[in-house]
Structure formats: structure tokens, C-alpha cells
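Beneath this line is the structure, given in C-alpha cells, with notes to follow.
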Amino acid sequence: MALASDIPPDTSHHLGDRYDHGEIEPRIRELWDGADIYRWNPDDTTRPKWFVQSMFPYPSGDLHIGHWFAFSGGDAAARFKRMEGYNVLHPQGFDAFGLPAENAAIRGNVHPSVWTYDNIANMRNQFDLMGNSYDWSRQIITCDPEYYKWNQHFFLKFLENGLAYRSDGAVNWCPEDQTTLANEQVKDGKCERCETTVIKRNMPQWYFAITKYADEMLDMSGIDWPEKVLVSQENWIGRSEGVDIRFDISEYDLETTSIPTFTTRIDTIFGVTFVVLAPEHPLVDELTQPEYQATVEKYVAAAARETEIERTSAVREKTGVPTGSFCLNPLNGERVPILVGDYVLATYGTGAVMGVPAHDERDFEFAKKYNLPIRVVVAPKGWDGHDLDAAYIAPGVQVNSGEFDGLPSEQGKESISDAIEANGWGERVVTYHLRDWLISRQRYWGTPIPIIYCDDCGAVPVPYEDLPVELPSDAKFQPSGRSPLIEHEEFLNAPCPNCDRSGKRETDTMDTFMDSSWYHMRYLSPEDATHPFDRKVANGWAPVDQYTGGMEHAVMHLLYARFFNRAMRDMGYVDFSEPYVHLFSHGTLTTETGKISKRSNPLAPDPLVREYGADTLRCYLMFLGPWDRGGAWTESGINGIRRWLHRVWDIGTRDASELNGGDQADERELDVASHTLTKRVIEDMRAYKYNTSIAALMTYVNQMNDAWENGGVTPELWRSSVQRLLLHLAPLAPHIAEELWLRNGWAFSIHEQTLPEWDEAKLTVDTIKIVVQVNGRVRDTITVPTDAGDKEIAAAALSSPGAVRHTQDKQIHREIYVPGRLFNIVVG
RNA sequence: GGGGGAGUGGCGGAAUGGUAGACGCGCAUGCCUUAGGAGCAUGUGGCUGCGGCCGUGCGGGUUCGAAUCCCGCCUCCCCCA
């Protein structure tokens, strides 16, 4: 601060020049850079701390208009907080690992590193055009070995603490990207990146034990996030309580003597009339009787060709074939048929479900189709014993349920579960939709997993002192689908850290969501060579107070980061649980053809910046509508913002000494307008309502123009109004606000000033306008002194011409006065 | 199928129980200008007999008063299956 204000105001320009954004904006940014006003001072404890961050971008090559939409709002939030008196840390970086770089390498023979750093250089220039208040001295780039070294460090720590493990099994494989994917990265059965249909493959992969924290992450009491994000996370974790119950098949003399099924509706157990196995279920072969063999085999083969989405689609007809075998319902000893049906998935629950057609829609449909019995065991209110037209899903009263008859089904659930556990037929279990996080990727451009495989010692961690395991810079990129690391002999072959015999390195790299799971912490100590971050600084400055980003990360990134933070907490790195306290999800900016993103519609902002200036573009994007709703991009209307900033310029460059002043009414009016402005803008900015903040500023500019026209205000009042206008404008249009601030002779920098306050007592003029209604319809308005009594107001309202016209010849039943707003007369 | 959000002028939107349409775009008229896709001023939901009447997706309800609250429906968007 002290250093900054030593810089003399710029006097080379004079009041009265035209608003020339092309000349002003770069010059102002140089002033900011020269004084380094956005550099974070971690030691300043005189002000409360505020760690504010926008989700960092992938260095795709260019900042598009969608980035501007996201980062303009993020910057306005940071600047506003700074002017509210906080010590602000507002960093930025690049999420620099990922497939596009590698694909570019395969296509164009340019190394992913070169491609990435070129893009970053270009995007830094584009970022500079925006004039955001980032402290670039803390920039982090995740593909830098100095960064990914700490990914490897955490991987080893996770391994030591039982949070990372290697496991063989069915995984999601994207044939286009030639890599496995985490469950969160599969959308509608397709790869989240390239929309190729994902297939199942069996291969050994590394996992993080995120499910250990499933229950803890369901507790969202420590975070202030948008409801829809919380709901998304809750749904994704998908906790459900139920019962694993076994159906006896010992009559077939197999190794397995029962079929385990999972159900959340154990209260319907007496309604089981069949059991359905997934086509991939291991017991299908053994249970299929010879006469059914041909049909079952055909059915299983057909199911294998379909995707999970197709199979579980609600509109699709449910199909199945009998195996000819039966199993026993432990509760009533009934023998029910076993079928194979493709609406049951092998990967969910136990791969087998008990069929209760009376109380499950899919089972109902299935039973109707194959003429299986439908037995009601949970009766709807007033049920008369007749057949159901549809499955009855809701709670009811137990019937046809033996000793449990008459119990409300919610209670039946508990009593039946108790009985099952007491008899050893099964047990209560909690299942989750969330799976452990698969982090292995068969690609080059990511963090190498620090493991060496040794024939004698197995998977051996690379010692900490050997980190980072660096990506070889001379890897070859070919469209073979094989990772360049497998082909790279020098990288691949490494001595076993344990026994020193020859070993092979793990050639898989980490999911790039690893990088973003803790990057915010690295901003705090970007150059720390001995720790991922400084623990003392971290516990003083983290968690992030305010985080902004798009809804597309509602589950993936934000869930991984919550997991990672808890893992760090339990390993002693931090003493808090949640990484991001407040979250604001901005909407998506779209064009006629869809979402603007790195993958489509890159609408370049640079020509718009040249034509209109960064301030105009920033304000225009923030004025489009509420930030959390997004909107359709169209250039029409941007001129309105330009016109407005020209008017701001005009007002900010007028010579106040031309004013005579002395009109008390004019002065009072401008004073009221000023306090109203401050109240509106501060309240709206706190709620990220940038569109209405700008509307309030526009109104104020119009009011200032009127005041100037009337000429009744003093030069002092005028100048204080200009000051107020600029202070409130500064977070939104930082360049023009600074330039006008300096031209008026005020101390550099406006961005280090404190916002003005408002006085509730100064929000009303001497007279107020009161609406007069008759039976709720507006008939007149009256103007009364602010301090008028209720009787006075009633008299004025009742005698107003509009009221008289509608109340004569009528009986007045009631009079309702809403203080300061309206007077309603109720007539009969 | 489940969950979340939205529906208001020609357009983006404002107003979350108290004058519907703030603010802006567009449009219209006028002024200024050699000229203007510039600037300035005024107007701008529809109908009107100038008293008013109608109007916030549709139908009902609560209330002195409803875009806002309640019940039923329709449409669109997003997320999940």
C-alpha cells in the first residue's frame, strides 16, 4: 500500500480527452504491474484473509468468450472483497496435463510440452488483456515436474496409509482415447471427453479409496454451496441402506449353496415370486437346466452386445428367460423360479435381484409379460384385496407376510431385518453408488505413477528422494494406441529400489483430476522444494474462502477435492476437512449451436477487446443476466455498455468548478441517489448479482447527469459523487475507473481504496409518493411529507380524485395502510 | 423414471406479498452533423369510448392486494439413471 501510493498521479493527460480504451487500458495495466498492487502479502494480519479462486483453465490454446464470462465475474468478486477491506489472495494457474496436448503431438509432431507451454504463453497474453487482479507470482502449471512431483509424493503417502491400492477387474475403457476412465468420467455410457461408447475390460489398475469417505462426505454442513451441487454430490455418493438376503439353492449340489441378492425393500420379501440373475452372473451356467441351455446361451450372448444404458432404459421392454431352476425364499420356504434378465446388471449390488412384482415397477412389468404371480404384501390404504393395476411402491401395511401382518411397512422393514439377521439368512448392508476412484491412465501426458514392478518384490514404491519420476522428453508419439512410455526403454527399465535387480516402471500416468484435487494448496507455497505446501501458511490461509466455476464439475472435481482434503487431513497435512467453504456456480454461456467450451465454438474475444475494450466486454458479460444462469451469447447490446462507459467518462472528466450549487432540493436528491446506489451495489455484489449492480450504476449515471443539468449542486458534492461512482465501478470496469480516479487527482490506486458506506437515514427524500388503491387497483398517487402522520395520509388518500371517483356511492369497509408504500381502500 | 431450475414486452432481463416490465438492447419521432451503423432529447406491453379494461405458460384457490404463497396441469433447460 505504502509503496503504491508513492506513485504520483498521472498528469500527462488532461480532463476533457475522449474515452480511448485502446490507449488507456494497456497504460493502466502497466501502472498496476509497476506497483505490483495485486501481490498477496501473507504477513499482513491487520485485515481479515480472503482466499478467492476461479477454477483454473485447461491451456487449450485460446481464452474464449466463455472463459471471459467465468473469469470476469471471478475477478469482480476478488476486487470487491479487496475493497471491502480484506487481505485477498487471488491466484491463477493452468490445468496443464491432458489428452489434447498428446493428441496434438500424434497429429502434428509437436511435443505435448511445447504445445502446452506455447498455449500457456498465448493465454497469459490474453489473460493480461482482461486486466484481472491475479497475483501471477503464484502461478502454478500442473505439468511442471516441480508440481507433479507432489502428486507422486501424495500417491506414495496414500499407498502408505491404505488409501491407494492396485486391483484387477472390469474397468471402463475408451477405445478412442485408448485409456481407462473413472466412473465419474463416463456419461450415458460414453466417454466424457470424446463421446465414444465406453466398453468394459479387465485389467489391473490403481485406485484411490474414496469410498472410505463416502459417509463423511455426505455431511455437507461445513460448506456453503449451491443446493444443486450438494444434491448432485449426494446422489452420486448414493448411499442406500438395505439387506443382503440369500436364496437357498442347495438342492443342486453346487459349490455355492445360495444366491445372494440385495434389496432396499426387505418389507416386500413375502411378495417374491421369482429371482432374476444378470446375464453375466457366475451362477447362470450352473443353474441352467439342460432343456433351457440353448435359449439361455442365446439370450446371454445377445445381452453382451448391448450397453448398460440400453439395458436399463425405462422405456425398453423387460425381457428374460427361465433357467429351469428354483430357489427357496428363507422367510416362507417358497420355491420360486430363477430367471435370467438383462435389466439386472452384474456390476450393481450382487448381480441378482429378488422379483417382487407387486411393489416394483420393473418387476411388475416383467411378471405381467411372463405371467408370473403378483402377490400384494404391502397394502395401500383402503386396499380391498383386488389385483393391482400397477406396482404399489409407497409404504403401507404388511399383509400376506406371516407373523409380520398388520405392521406398518416401515416398521416391517426393521422387524423382518431383525428376523433375517437372527436366523443367519442375510444381513443389513449399506451400499453406495460411489466406486473407488480409478486413477490409472494409459497415456503419456500426465503424472507418472511412481511404482517399479520387480519379479521378486512386486510393486515397489519409488523412494521419496528419487521423486519426481519425470516424463522422458524424447518420447515418440504414434497413433498406435500404445503409450509412448511403454516404448521408451530408458524410462521403462529401472532397478528395483528394494533388491536392485532389474524392474519395469509403471507406465500408466495419473488421472488429471489428481492435479486439480489439491492445486489450490500449492498456490500458498508455489516454490516450496521440500513440502507440497507450508503447513503453517496452509492452516492460516486455507481452506479457500470463495471458489467459482461451472456446474460441469459438480461431481467430478469437487468430489475428488473433498476426498483429497480429508485424506490430507488424516495424514496430518491440514487440520480442516473441506477444501472450499463457499462455492458459486456460474451458468453456461451458449451460442445457437450449443455450449461454448474448449471443444466447440471458440468465439474469440480478442477482436471484441480491440473494438470495444476489456472494460466494455467485462461489463457486457456481467450485464447479460444473472451470473448463475448463463445465457446465449449475442453481440447485440454490447454497444449499450460502450455508450454507458462513454457517459461515465464524460461525467468523470467534467470540471466541477462550473457548478454553482446552492439548491438544497437538488443536493438532497443527489445525496439520496448516492446512498441508494451504495446500498444497492454493495448488497448485489455480495450476492454476485452483477447485472443489477450495473443497472444501479447506470441509474446513478443518469441521476448525476440530471443533477449536472440542473446545476444546483456544489462542486464538492459533485466530486464526492464522482468518487462514489468510480469506487463502485472499480471491481467491474477496473481500467476506466482507475484512469478517471487518477485524472481527478486522487491517490493511486483506486483498487486499494475502501468502498463508501451508506446511511439508511439518507435513503429517502423529504416527500414520499404513496399509491392509492381501491379494492387493490391503483387509482391515484399522492405525495406527502416523509414525516406525515397516518391520519394525514389517510385523509389525503381518501380525498384524492382517483379514490373519490371509485368510492363515491359506495360503503367503505376497510382501509389498509402499508407505511411509505400504499393506501388501499376496500369498498363494498 | 428420479432430482434440480426456469417460463414476465419485439429481445436480454428487473421486481420473492404492496404502482409488473427497473436497467439495457431494439424500434419510433425530433435535434445536431458534410456524412454516420456516431452523439443528444423524447417516447415505447396490448386495447381504449381517455372513464378505464386486459396483461407475468394454462386452470383453480388463499388474500384488502399474487409474477411472488397453495393445489392441479403444460412446455423448455440442466444433472443423474
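A note on names: the letters A, B, ... follow the listed sequences, proteins ahead of strands, and every chain is numbered from 1. All values reported here derive from a predicted model rather than from experimental measurement.
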Check: Using a cut-off of 4.0 Å on non-hydrogen atoms, how would the nucleic acid contact of A/Trp236 be classed: base, sugar-phosphate, or nothing?
Finding: sugar-phosphate

Notebook entry, point to check: When you measure from the side chain of A/Asn235, which nucleotide among B/C25, B/G18, B/G3 comes out closest?
Noted result: B/G3

Notebook entry, point to check: Is A/Leu624 touching bases, backbone alone, or none of the nucleic acid, heavy atoms closer than 4.0 Å?
Noted result: sugar-phosphate

Check: Which part of the nucleic acid, if any, lies within contact of A/Val818, taking any heavy atom under 4.0 Å across all strands shown: a base, the sugar-phosphate backbone alone, or nothing?
Finding: base

Note to self: Mind checking if A/Gln773 touches a base, just sugar-phosphate, or nothing, with heavy atoms under 4.0 Å?
What the structure shows: base

Next item on the list: Name the orientation of the base relative to the sugar in B/G9: syn if the glycosidic angle is within 90° of 0, else anti.
Entry: syn

Next item on the list: Decide, yes or no, whether a salt bridge links A/Asp20 with A/Arg18 under the criterion of side-chain N to carboxylate O below 4.0 Å.
Entry: no

Note to self: Mind checking if A/His553 touches a base, just sugar-phosphate, or nothing, with heavy atoms under 4.0 Å?
What the structure shows: nothing

Next item on the list: Calculate the interatomic distance between A/Lys769 atom NZ and B/G18 atom P; express it in whole Å.
Entry: 17 Å

Note to self: With a 3.5 Å limit on both atom pairs, tell me what B/U29 is paired to, counting Watson-Crick and G-U wobble, or say none.
What the structure shows: B/A41

Next item on the list: Indicate, with a heavy-atom threshold strictly under 4.0 Å, whether A/Val771 touches base, sugar-phosphate, or nothing.
Entry: base

Checklist line | Pair A/Phe584 and A/Trp627, ring centroids less than 6.0 Å apart | finding: yes

Notebook entry, point to check: Would you call A/Glu683 and A/Lys689 a salt bridge, taking side-chain N to carboxylate O under 4.0 Å as the test?
Noted result: no

Next item on the list: Salt-bridge test for A/Arg642 and A/Glu611: reply yes if a basic N is under 4.0 Å from a carboxylate O, no otherwise.
Entry: yes

Note to self: What contact category does A/Arg680 fall into here, base, sugar-phosphate, or nothing, at under 4.0 angstrom with non-hydrogen atoms?
What the structure shows: nothing

Next item on the list: Check whether NZ of the Lys or CZ of the Arg A/Arg654 lies under 6.0 Å from the centre of the six-membered ring of A/Trp708 and within 45 degrees of that ring's axis.
Entry: yes

Notebook entry, point to check: Taking the side chain of A/Arg821 as heavy atoms from C-beta outward, which of B/G18, B/G52, B/G13 is closest to it?
Noted result: B/G18

Note to self: Nearest to the A/Lys228 side chain among B/G4, B/G24, B/C64, which nucleotide is it?
What the structure shows: B/G4

Margin query: Counting the atoms with a prime plus P, OP1 and OP2 as sugar-phosphate, which does A/Arg647 contact under 4.0 Å by heavy atoms, base, sugar-phosphate, or nothing?
Written below: sugar-phosphate

Next item on the list: Identify the nucleotide, in any strand shown, that forms a Watson-Crick or G-U wobble pair with B/C47, with both distances under 3.5 Å; if there is none, say none.
Entry: B/G52

Check: Since syn is defined as within 90° of 0, does B/G51 count as syn or as anti?
Finding: syn

